[in-house]
*Asks:* 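Structure provided below as structure tokens; questions to follow.
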Amino acid sequence: MEIKKKIILTGSFGVGKTSLFSRFIYSEFDEKYLTTIGVKVDKKTINIDNDTNLNIMLWDIAGEVAQDKVPLSYFLGTSGIIYVFDLTRPMTYNNIMADIEYLKNILPEATVKIIGNKKDLVTTTHIESVISGLPVECDMTTSAKTGENVEQLFQSMGEALMI
Amino acid sequence: MSKMPDTSDNIDEKLAVIRHILLHGDRARIEELENIINDANLLSEYVNPIIDQKIVNMKDDFSDTFGKEVGAEFEKKLLLSEDLLLTVLSPMMGKMIKKFINIEIKKLQDKIDQQVKRSFSFKRYYHLVRAKVFGIKSSALFLADLDDFKTKIQDTFIIQRNSGLVIASAHADNAKSRDGDIFGGMLTAIKAFGEDAFSKGGNGQQELEFIEYDSHKIFLQSHHNYFFTTVLNGSLSNSEKEKLANRLMEFAGKEKKLNLPDISAEDCIYLSEQLKKTFFPEK
Ligand SMILES: Nc1nc2c(ncn2[C@@H]2O[C@H](COP(=O)(O)OP(=O)(O)O)[C@@H](O)[C@H]2O)c(=O)[nH]1
Ligand SMILES: [Mg+2]
């Protein structure tokens with residue numbers, strides 16, 4: 001069985017969304033699509049079990065925009081949201097509560113994963129203190145640079161979407 | 001075009017002669033149409049029968065067309081009150097008529113251009129002579145061979161409106177293979193972003209309908225939950241565009257499954273087969 005779902009990457013500018021995207025997908029399109037059109041869509045097939053394939057259509061968006069500046073149409077029809085923040089920059093998670101509420105409001109049915117990225121740049125103690133200080137639960141910490149947890153992130157998202 | 005060019009052996013000049021003859025008649029026709037549009041009385045003379053017919057049609061299949069959206073209760077009320085029905089429908093009708101006239105004029109101009117641009121053929125020459133001899137308007141004769149356009153459709157997709165997920169697709173045998181899912185996603189994104197950018201400030205919801213790149217054309221037709229995307233190669237006149245639009249409309253009308261909020265994997269396969277049958281039938 002072939003199933004398709006739309007997943008979006010969101011979060012502040014520079015947190016590593018595009019890097020996670022390209023870690024996960026060998027892209028058919030050039031990066032320039034992202035800068036010229038403002039969005040890039042790619043596909044990756046995840047094997048869920050012997051007879052189920054999940055085709056993830058992953059949307060990445062360019063720019064430094066705040067959540068509520070992103071065109072609503074980007075979010076619509078989305079089954080999964082990956083919200084990325086940068087473990088090294090508090091300004092990328094200071095607003096996390098409001099951002100998540102905004103997303104849950106427009107997409108009440110969607111599965112949300114909150115991701116702390118760039119873990120290669122910080123110590124475990126630092127990670128722990130950042131996460132414990134968050135008003136929401138962080139689902140995973142990743143490094144787009146080393147690739148740590150990137151496959152796991154998308155796999156767990158895929159499985160969550162199949163429930 | 002100031003003066004009638006001389007006749008000569010040169011094909012270009014022959015074409016110029018024909019262009020002159022053709023445009024002369026059709027320009028008058030365009031002017032006539034313009035006069036009609038600018039004169040309210042004249043316009044209503046042409047348009048009222050269309051409205052009347054539309055109202056009759058609306059009454060007949062009102063519930064088919066609007067039933068779901070309007071809801072049974074409201075629908076009942078509307079049908080009971082003809083005045084109310086007219087109040088609701090008039091602005092819509094006005095828009096439809098304006099669009100209709102615009103399309104007709106564009107079609108006419110487009111047709112002339114197309115015909116003049118096409119290479120000189122005996123068939124056309126024959127038409128022309130016949131037109132001269134029998135006094136039949138040449139444009140009427142040209143209408144007859146609009147049917148002979150070859151299909152240049154490469155791919156058709158049905159794409160879910162917001163998610164951009166491809167519900168169904170079909171392709172010409174010689175079509176370049178492309179990943180439909182990525183194509184559908186990108187297209188949806190471009191469409192959404194474009195519409196978002198251009199609808200700022202305006203009140204009407206504009207929908208992206210056409211993308212042109214080199215000799216490739218992407219024709220979009222939006223429906224409630226989904227949109228059709230047709231990839232074409234080569235030139236496409238307005239009347240061909242309209243023909244395609246009609247075919248897609250027919251398809252949408254026939255395949256009620258498309259209106260379901262969630263379309264099953266089996267339905268997707270079924271719809272792909274229907275697309276194939278409709279747009280790429282086996283010879
Ligand atoms: N060290 C490190 N750098 C990263 C990581 N992810 C992204 N970057 C860098 O952070 C910058 C912004 O990344 P980008 O993917 O463009 O962020 P986006 O704006 O969220 O798409 C780039 O210079 C990346 O190389 C990571 O996990 N570790
Ligand atoms: Mg980016």
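Any value given below was found using the heavy atoms of this structure, including those in side chains, with hydrogens, waters and symmetry copies removed. Chain letters run A, B, ... following the sequence lines, proteins first and then strands; every chain starts at 1. This is a predicted model, so every value here is computed, not measured.
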*Asks:* For V41(A) versus A189(B), what's the shortest heavy-atom pair and its separation?
*Replies:* CG2-CB, 4.3 Å
*Asks:* For K145(A), look at atom NZ and say whether over 12 heavy atoms of other residues, nucleotides or ligands are found less than 6.0 Å away.
*Replies:* no
*Asks:* Can you give me the closest heavy-atom contact between K40(A) and M186(B), atom names plus distance?
*Replies:* CA-SD, 3.9 Å
*Asks:* State which residues pass ring pair (Phe, Tyr, Trp, His ring centres under 6.0 Å) with F85(A); sequence neighbours excluded, sorted by chain then number.
*Replies:* Y93(A)
*Asks:* S163(B) and G77(A): which non-hydrogen atoms are nearest, and at how many Å?
*Replies:* CB-O, 3.2 Å
*Asks:* Could you name each residue pair satisfying side-chain hydrogen bond (donor to acceptor under 3.5 Å, both in side chains) that touches residues 150-163 of chain A, not counting sequence neighbours?
*Replies:* K44(A)-E151(A), Q155(A)-E159(A)
*Asks:* Between CD1 of I56(A) and CG of D181(B), what distance do you get to the nearest 0.5 Å?
*Replies:* 12.5 Å
*Asks:* Under the 3.5 angstrom rule, does the side chain of K6(A) hit a backbone N or O of L165(B) as a donor-acceptor pair?
*Replies:* no
*Asks:* Does a side-chain heavy-atom distance below 4.5 Å link W59(A) with T188(B)?
*Replies:* yes
*Asks:* Please round to the nearest 0.5 Å and tell me the distance separating atom CE of M57(A) and atom CD of Q160(B).
*Replies:* 12.0 Å
